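Sequence lines set the chain letters: A, B, ... in the order given, protein chains first and strands last, and positions in each chain run from 1. Computed from a predicted model, the values in this text were never measured in an experiment.
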2 protein chains.
Amino acid sequence: MATGRTHRPATRSRGIPEATVARLPLYLRALTALSERSVPTVSSEELAAAAGVNSAKLRKDFSYLGSYGTRGVGYDVEYLVYQISRELGLTQDWPVVIVGIGNLGAALANYGGFASRGFRVAALIDADPEMTGKQVAGITVQHSDDMEKIISENGVSIGVITTPPGVAQQVCERLVAAGVTSILNFAPTVLSVPDGVDVRKVDLSIELQILAFHEQRKAGEEAEAQAGAVVAAHQESDGKGPDGDVPAVMPA
Amino acid sequence: MATGRTHRPATRSRGIPEATVARLPLYLRALTALSERSVPTVSSEELAAAAGVNSAKLRKDFSYLGSYGTRGVGYDVEYLVYQISRELGLTQDWPVVIVGIGNLGAALANYGGFASRGFRVAALIDADPEMTGKQVAGITVQHSDDMEKIISENGVSIGVITTPPGVAQQVCERLVAAGVTSILNFAPTVLSVPDGVDVRKVDLSIELQILAFHEQRKAGEEAEAQAGAVVAAHQESDGKGPDGDVPAVMPA
DNA sequence: CGTTGTGAAATCCTTCACAGCA
DNA sequence: TGCTGTGAAGGATTTCACAACG
């Protein structure tokens, strides 16, 4: 499993914390909405509210990028949009391939969020000869035999896997061998990749199971809840659950 | 924002760390695969490899559940499957509604992973009268006018939102008002919910943006990379969290 | 003034390393 | 002997609280 040794190069690395990186897209979206409403400046408090985080965290996050605010005033919306976009690498175009054009792959291909900022669906790939040549979201599906050629000709470095779990690992290996270094995995499988390759995963059933855990706990508490028991709330706006646990009044 | 203050009751709380909870489904999946191959026992090292984590973390995680292993031997697969399932609340059935039957909603309805483990699609709901009565994944789509009735009659406590972002918040509010206390949000929006309601988000474009960030950095490092520089690998198996963003996609 | 930027404290999570048990 | 379970150390992240500054 790709250990994720994060050797920091000796050179003064930018070192933006991973947790911060994961929130930058949230800020960017909130800022883009403000920009469209022609709001010129915004305070950390307001922006934090729009992004669903608290303002101290937001200011700390921005402090890793630089000093882009004005004391007593707030942040210039347009300027911040630009700075965050640049930091995230969205000022350039990222061609993406989607491998596995079933229900989910097709849904993603049709998803507008792709093209909107920096990402472009360069190709749709499927192993089923029946699919080859079909149009999905205005793009012609190509056969997986040509995967290597497609990737190198389009300069693709980001791949999305929406195949059945059984073939996800081999698809992953072919993608990596062909030059892909970032993978977004929708298949419910743990992918092994060599160092230098990033994998992020999206897994419906894991998310549901996490919800079920908390749901079960709420039910238990409710039953035990006598006067004075405090029911906790979970707003996990951002990645983790901030407030973490739930009381879970331990009976005997 | 809904701050979720977590009052800790005076009693010793069960307190399984959120990070651990997020990994339990991974362990469960690996264990289920072993179980299907009739493997009787497994060591922390083997199981950790299958789940994509390191063994110390796995043992620490399990230590929060109890002492379910045998020193010198390992863990009994069947027993662990049961214990984790119970901990996650998967020994009971969770009826789920999906709201918004577009491409993505339909893909999720067809997704096998739902039924497999404790979750059952109790209803599909859409606001478009054209959709009402249509069959998707063998289930008849119902109109959103009946949302409250559907939820209460089926005892639904988990809702999945796959609507366009513009209506996600109001759908969320109706779900909550009708009794839903856990929401899985696929719409690129920050949802506000009252205390006591859990929200988890799955957002394609956020994940892509995080990948783009690292991708950009790799490109930069590569350019600077002289002999001896080590390129970092990121295997972020599991999740932090889904977040939500799309740069202002004006949905049609 | 009002708001940012940030050291310092507090909290949460991961990793180490080894005692203890089957 | 081999592997679990876990204190303790080490990191990472969040929160606090306030000095600095436009």
Side-chain angles (χ1 to χ4, degrees), chain A residues 1 3-8 13 15-24 27 40-49 51-77 79-80 83 234-246, chain B residues 1 3-8 13 15-24 27 40-49 51-77 79-80 83 234-241 243:
Chain A
M1 355 277 58
T3 321
R5 288 209 291 124
T6 302
H7 263 237
R8 184 163 304 284
S13 140
I16 298 178
E18 189 58 30
T20 294
V21 172
R23 281 187 295 267
L24 291 181
Y27 302 145
T41 61
V42 66
S43 70
S44 64
E45 202 72 53
E46 294 164 326
L47 184 53
V53 302
N54 72 23
S55 64
K57 198 187 285 185
L58 177 142
R59 289 200 302 277
K60 181 64 100 180
D61 284 342
F62 285 179
S63 78
Y64 294 115
L65 309 185
S67 285
Y68 294 150
T70 306
R71 292 172 202 243
V73 178
Y75 301 91
D76 182 279
V77 171
Y79 186 59
L80 249 195
Q83 290 298 343
H234 286 264
Q235 163 75 309
E236 8 218 311
S237 343
D238 67 358
K240 277 316 179 38
D243 48 39
D245 83 324
V246 146
Chain B
M1 6 289 61
T3 313
R5 291 254 274 109
T6 302
H7 267 236
R8 179 170 303 279
S13 143
I16 298 179
E18 189 59 29
T20 294
V21 172
R23 281 186 296 267
L24 291 181
Y27 301 145
T41 61
V42 67
S43 70
S44 64
E45 202 72 53
E46 296 165 324
L47 184 53
V53 302
N54 73 21
S55 63
K57 198 187 284 185
L58 178 143
R59 289 200 302 279
K60 181 63 102 180
D61 283 341
F62 285 180
S63 77
Y64 294 114
L65 309 185
S67 285
Y68 294 150
T70 306
R71 291 167 202 246
V73 178
Y75 301 92
D76 182 279
V77 171
Y79 187 58
L80 249 194
Q83 290 298 342
H234 288 262
Q235 163 79 299
E236 14 221 308
S237 346
D238 81 325
K240 245 14 188 343
D243 298 304

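- Regarding D61(B), its CG atom lies at a distance of 12 Å from the C1' atom of dT15(C), rounded to whole Å.
- Taking the six-membered ring for Trp and the full ring otherwise, the centers of Y79(A) and Y68(A) sit less than 6.0 Å from each other.
- Residue S44(A) has a polar side-chain atom (N or O) positioned under 4.0 Å from OP1 or OP2 of dT4(C).
- For the OP1/OP2 pair of dT13(D) and a distance below 4.0 Å, the side-chain nitrogens and oxygens of K60(A) include no atom meeting the criterion.
- Phosphate contact (OP1/OP2 of dG5(C), side-chain N/O of Y75(A), threshold under 4.0 Å): present.
- Rounded to an integer number of Å, the gap from OH of Y64(B) to C1' of dT6(D) is 10 Å.
- Side-chain contact of T41(A) with D76(A): a donor-acceptor pair under 3.5 Å is absent, judged by distance alone.
- Note that the NZ atom of K57(B) and the CZ atom of F62(B) stand 13.0 Å from one another [nearest 0.5 Å].
- Summarising the geometry, the separation between CD on E18(B) and P on dT14(C) is reported as 11 Å, rounded to the nearest angstrom.
- The interatomic distance linking L58(A) (CG) with dT15(D) (P) rounds to 12 Å, in whole Å.
- Judged by distance alone, with hydrogens and angles left aside, R71(B) brings no side-chain donor or acceptor close enough to the base of dG2(D) to form a pair under 3.5 Å.
- Annotation: of the two residues near DNA chain D, A56(A) and G72(A), the 5′-most nearest-nucleotide partner is A56(A).
- For K57(A) and dT4(C), the NZ to P distance is 17 Å, given to the nearest whole Å.
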Please step through side chain to side chain contact (heavy atoms under 4.5 Å, CB included) for the pair R59(B) and S63(B), ending with a clear verdict. CA-CA 6 Å; R59(B) 289 200 302 279; S63(B) 77; over 6 Å; no
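- With dT13(D), dG5(C), dC13(C) as the candidates, the nucleotide lying closest to the side chain of P17(A) is dT13(D).
- The phosphate of dT14(D) (OP1 or OP2) has no side-chain N or O of N54(A) nearer than 4.0 angstrom.
- A straight line from OH of Y68(A) to C1' of dT3(C) spans 19 Å, rounded to a whole angstrom.
- The phosphate of dT14(C) has OP1 or OP2 within less than 4.0 Å of a side-chain N or O from R23(B).
- The side chain of S43(A) lies closest to dT4(C) when the candidates are dG5(D), dT6(C), dT4(C).
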Under the side chain to side chain contact (heavy atoms under 4.5 Å, CB included) criterion, do V53(B) and D61(B) qualify, and how do the steps go? CA-CA 11 Å; V53(B) 302; D61(B) 283 341; 6.0 Å; no
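- The CZ atom of R59(B) sits 12 Å away from the P atom of dT15(C) (whole-angstrom rounding).
- Between the CD atom of E45(A) and the P atom of dG5(C) there is a distance of 14 Å, given to the nearest Å.
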